[in-house]
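Here the structure is a predicted model, which is why all the values come from computation and not from measurement. Chain naming here is simple, since letters A, B, ... match the order of the sequence lines and numbering starts at 1 in each.
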There are 2 protein chains.
Amino acid sequence: MASLQLDETDIRLLNILQRDGRIANTELADEVGLTPAPTLRRVRRLEEAGLIRRYVALLDPEMIGRGFLVMVRVTLSGQTKAGFETFGEQMRRRPEVLECYLCLGGTDYFLKVATRDLMEYQRFLVDVLAANPLVQHTDSILVVKQEKQTTALPLE
Amino acid sequence: MASLQLDETDIRLLNILQRDGRIANTELADEVGLTPAPTLRRVRRLEEAGLIRRYVALLDPEMIGRGFLVMVRVTLSGQTKAGFETFGEQMRRRPEVLECYLCLGGTDYFLKVATRDLMEYQRFLVDVLAANPLVQHTDSILVVKQEKQTTALPLE
DNA sequence: TGGTGGGCGCAATAAGACTGCGTCAGGCTG
DNA sequence: CAGCCTGACGCAGTCTTATTGCGCCCACCA
């Protein structure tokens, strides 16, 4: 895939869209100093190239009962291919697991889990992780305060 | 704030918008079986209540040179209020730090860092964390594979 | 210096976003 | 039980955006 040459304007478009994914094209055009037509063509080009992967709405975790955030380090009992595949698939199915990474560095898997509160997390820990024969050990890191949380990737 | 009663339709709207934040209101209306007018009114209500916090574009990390992901556990040298505030502020300013949490569980801070590659991460580790007098110890967990990564929170 | 490709703005059309208004169903009150 | 009130829906009309064809211009190449 051609890595797609990005100019100054493309970068500004991407930064704006990372901040406000639903901005009207006309306003987007104003902000970058172009007319709507070429602005839209640029955005479409970025979407089609796959550089813009998708647009999403971000909800308030507190308001929907997902304000309790925990980072979990998981060590599997054996490092087998089937074990890895199974565990990954299991996590993919769990709605409270927002992120699941296979890792290096003394930990097999790393999870970001969102629940309503400690009690609900405890249930997840006991019923899903501890009860899982693939899991040998876990280490839960409870989030007390979110200093920073962004989906916007820095460009250049 | 009234916790805002959500019915079946609201939940469907939220799930759709978490998946596609830029869907046209007319199409959204079709998907939930309403006409565009009340659909738009519901969405506005969810936005104004703060339940929908914002809309964003998600970019492809690989394509913009941010494909190398590391989870970092950071222990500060002293647990002082000023130290915590300073460190949090410093991380907020670093573009490669996507997330920064103050934590319980044997770790003071937890970071999610995105760089181009190992070399760039190493620079961050050495120049930003190791060189920081507030930092006593760090533990880097390199992500090898992303099994799951979503911004969509499960509803009810 | 004429040829060429890429990207821009213009302008017209189609599509979607908004909003005022009348209607209807459910819950509550006299 | 009938009338009242509230909330939410769909209809229509208006206004704003999105989308696309087209001609123009500039930079680069031969």
Among residues 29-43 of chain B, which residues get a heavy atom nearer than 4.0 Å to DNA chain D? B/L34, B/T35, B/A37, B/P38, B/R41, B/R42

When Ile, Leu, Val, Met, Phe, Trp and Tyr are grouped by side-chain heavy atoms lying under 4.5 Å apart, directly or through other members, which residues fall in the same group as A/M119? none

Whole angstroms only, please: what is the CG-C1' distance between B/L28 and C/dA17? 13 Å

Nearest whole Å is fine: how far is D/dA8 P from B/Q5 CD? 11 Å

Any side-chain heavy atom of A/M91 sitting closer than 4.5 Å to one from B/K148? no

Between B/E89 and B/R93, does at least one N-O distance fall below 4.0 Å, as a salt bridge requires? yes

Would the distance check show the side chain of A/R66 and the main-chain N or O of A/A114 forming a donor-acceptor pair, the cut-off being under 3.5 Å? yes

Centroid-to-centroid, B/F110 to A/F110, below 6.0 Å? yes

Side chain proximity check, A/R123 to A/E120, heavy atoms < 4.5 angstrom: yes

Dot-bracket for DNA chain D, 5' to 3', Watson-Crick and G-U pairs with both distances under 3.5 Å, [ ] for crossing pairs, | for partner on another strand, reads ||||||||||||||||||||||||||||||

Rounding to a whole Å, what distance do you find between B/E27:CD and C/dG16:C1'? 12 Å

Donor-acceptor contact present, side-chain A/Q18 to main-chain A/L153, <3.5 Å: yes

With sugar-phosphate meaning primed atoms plus P, OP1 and OP2, does B/R45 contact a base, only sugar-phosphate, or nothing at under 4.0 Å between heavy atoms? nothing

Run the side-chain donor-acceptor check on residues 133-141 of chain B: report pairs under 3.5 Å with partners two or more places apart or on a different chain.
from, atom 1, to, atom 2, distance (Å)
B/D139, OD2, A/R73, NH1, 3.4
B/S140, OG, B/Y121, OH, 2.6

Give me the residues of residues 14-25 of chain B where at least one heavy atom lies under 4.0 Å from an atom of DNA chain C, by number, or none. B/A24, B/N25

Nearest-Å distance for atom pair CG/P, residues A/L6 and C/dG7: 12 Å

Is the side chain of A/D108 donor-acceptor paired with the backbone N or O of A/L76 at a distance under 3.5 Å, no angle test? yes

Looking at B/R22, I want to see if its CZ is surrounded by more than 12 non-hydrogen atoms of other residues, nucleotides or ligands under 6.0 Å. yes

Could you list the protein-to-nucleotides 24-29 of chain D atom pairs, N/O on both sides, closer than 3.5 Å?
none

Looking only at heavy atoms, which two atoms of A/Y109 and A/F84 are closest? And how far apart? OH-O, 3.0 Å

